Amino acid sequence: MKPFDYAAPVNLDHSLRALARGRGTRALAGGTDLLALMKARVASPDVLLNVKQLRDLSRDIALDERGASLGALVTLADIELDPAIAQAFPALAQAAASAATPQLRNMATLGGTLLQRPRCWYFRSERFECWLKGGTECHARHGENQFHAVFDTGCCRAVHPSDVACALSALKAEIELRGSHGPRRLAIGEFFDPPREGRRVETVLRDDELVVAVHVPRPAPGSRSIYLKAMDRAAWAFALVSVAACLRMDEDRVAELELVLGGVATVPWPVGEALRHLVGKPLAARAIAEAARGALAGAEPLRMNAYKLPLAQALIRRALHSLAGSASEAVSLAPELHRGPP
Amino acid sequence: MDSGLLRVQLSVNGQRHALALEPRRVLLDVLRDDLGLTGAKKVCDMGNCGACTVLVDGRPMYSCLMLALDWREAAITTIEGLGEPGQLDPVQQAFITADAYQCGFCTPGQIMSVKGLLDTTPEPTDAQIMRALSGNLCRCGAYGNIMRAARIAAGRDPGTDETGSDTA
Ligand SMILES: Cc1cc2nc3c(=O)[nH]c(=O)nc-3n(C[C@H](O)[C@H](O)[C@H](O)COP(=O)(O)OP(=O)(O)OC[C@H]3O[C@@H](n4cnc5c(N)ncnc54)[C@H](O)[C@@H]3O)c2cc1C
Ligand code: SF4
Ligand code: FES
Ligand code: FES
């Protein structure tokens, strides 16, 4: 790890001023991603700003009739273990519980999980100056790409690694930011934006901004949500593909449906169009199967990752059957989400 | 960059230690190299194995991914902080009874995870034990006996069979 200066400001204002002063200043929360990148010499900030001790950066979860507000310093373990979150937002609790390991969930913060960088091995290796790190080439496109994106959002083909980000997307969360020029609040779909020329990162967070909180609106009464994650081992693995879905039925007809895929693109990937025709109709097996196929329609898999298409379709089918209560089709995955697909 | 040394007091196993540290020093290295507490093991150094697990305010964490400076307010417990001289902690004793190791390199981390679990969940189910241990790899594959050790420590297995037969 390269040497750096260390700062532990007491409040947000001081931190935001420090961030605005220098480009080489980075916030340090749980450290589980940033310190690993620094050890690998992929990140080398001049100044690390410990934000964990900020008096006015929240580590609390608050629920009221409108929804939940989660401070940026809330840990994944806090989310996983909060009974009120599990009750009101099952997909969020399940996503947190499926991430990493107990130790890492005790350390990792909500702010950090949204801002963590991709797990692409070319990105994580000091030896490759790939496009996302400022180079000219994406090594994954013609290299080892079994864990990469099946949707093409530009040069980079890394997938967004955060389970919680995927669940929050299906739950239509809003991200509250504070910068040296003031606050702003973004829909999560605006906060995440595929990396492009001029902004080779996965979010629109500015250098002088911090995430201060995430707000999750309470879904309409009767809504159910779920997070399913396919992994190559039962724990301690990033999603090969994941699905977060939130469904509300009106009698036996679909009233509202949000579905977001993880592990398929540089950002959490909402499936909009393909589901539209399900609304207003009963959730029949054939319609579900068709929607699952439609959800992957625009995919352009690479040499080694086409397996993600049937995997994603199966997870979508399973999620929808499970939410609709047709248990026989949902089989065992829902309660066994830590085990990966059968 | 001139990083300099920063003064910090760390509370480890109930003792305060005054240290002057470079900011980039991770807790694991400080425990091992500055405080001589070599129980927490350095294996992957990247959050991928669990051998460096310590308790921070009672919660298991990977000390390889923590800056020592960040944790001056915290109560840190390492494997050396368990039990008394000549008197092992019941979790440590259970690992011996169940023969829950081969090379022993993962053992301190496994024990700290079980300790963290039992402190908050004194009567865990098998599923809870498995989940609590899901962040600790054992390269030797002693998992069966590690499960049994955790059950013994939780008072769910009499621990009389000294051969440590695999009951998981
Ligand atoms: C072995 C391993 C396995 C993992 N498995 C999974 C998994 O299965 N699923 C999953 O989702 N994740 C997984 N993770 C990733 C883990 O969830 C993230 O590393 C963690 O959430 C990052 O949070 P942190 O608080 O440690 O962030 P840090 O490492 O402190 O920071 C990460 C980034 O976020 C920025 N940041 C932090 N807080 C803020 C803020 N408030 N405002 C603005 N920027 C901020 C930092 O500047 C930095 O750029 C795994 C990690 C490891 C090491
Ligand atoms: S997928 Fe993205 S991170 Fe990986 S090599 Fe290509 S540009 Fe770099
Ligand atoms: S040494 Fe810390 S997890 Fe492997
Ligand atoms: S006993 Fe050898 S790694 Fe677990």
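What you see is a predicted model, and the numbers here were worked out from it, not measured in a lab. Residue numbering restarts at 1 for every chain, and letters A, B, ... go by the order of the sequence lines.
The part of A:L28 that comes within reach of chain B is its side chain, from C-beta onward, which places non-hydrogen atoms under 4.5 angstrom from that chain. With a 4.5 angstrom heavy-atom cutoff, B:T53 touches chain A only via side-chain atoms. With a threshold of 4.5 angstrom between heavy atoms, A:A40 approaches chain B through its backbone and through its side chain. Interface remark: B:R72 contributes side-chain atoms only to the contact with chain A (heavy atom separation under 4.5 Å).
Interatomic distance, A:F4 CZ to B:L67 CG, rounded to the nearest 0.5 Å: 4.5 Å. Atom-to-atom distance recorded for B:C52:SG and A:Q103:CD is 8.0 Å, nearest 0.5 angstrom. Interatomic distance, NZ of A:K2 versus CZ of B:R24, reported as 10.5 Å (0.5 Å rounding). Note that NZ of A:K39 is 3.5 Å distant from CG of B:D45, once rounded to the nearest 0.5 Å.
Open room surrounds CZ on B:R59; 12 or fewer heavy atoms of other groups in view lie less than 6.0 Å from it. By the neighbour-count criterion of 12 heavy atoms within 6.0 Å, atom CD of B:Q9 is densely surrounded, having more than that number from other residues, nucleotides or ligands. The environment of CZ in A:R127 is sparse: at most 12 heavy-atom neighbours from other residues, nucleotides or ligands sit within 6.0 Å.
Side chains of B:D70 and A:Q53: no donor on one and acceptor on the other come within 3.5 Å.
Results of the side-chain hydrogen bond (donor to acceptor under 3.5 Å, both in side chains) test with B:Y62 over A:T32, A:T101, A:N106 single out A:T101 as the only residue that passes.
Closest approach of A:A36 and B:M46 over heavy atoms only: O-CE, 3.5 Å. Shortest non-hydrogen contact noted between A:P102 and B:A132 is CG-O, 4.0 Å. Of all heavy-atom pairs spanning B:L137 and A:W236, the tightest one is CG-CZ3, 3.6 Å.
Ranked by heavy-atom pairs under 4.5 Å with chain A, the list B:L133, B:L117, B:L69, B:V26 is led by B:L69.
Contact check on B:E73 versus A:K52 returns no salt bridge, with no Lys/Arg side-chain nitrogen under 4.0 Å from an Asp/Glu carboxylate oxygen.
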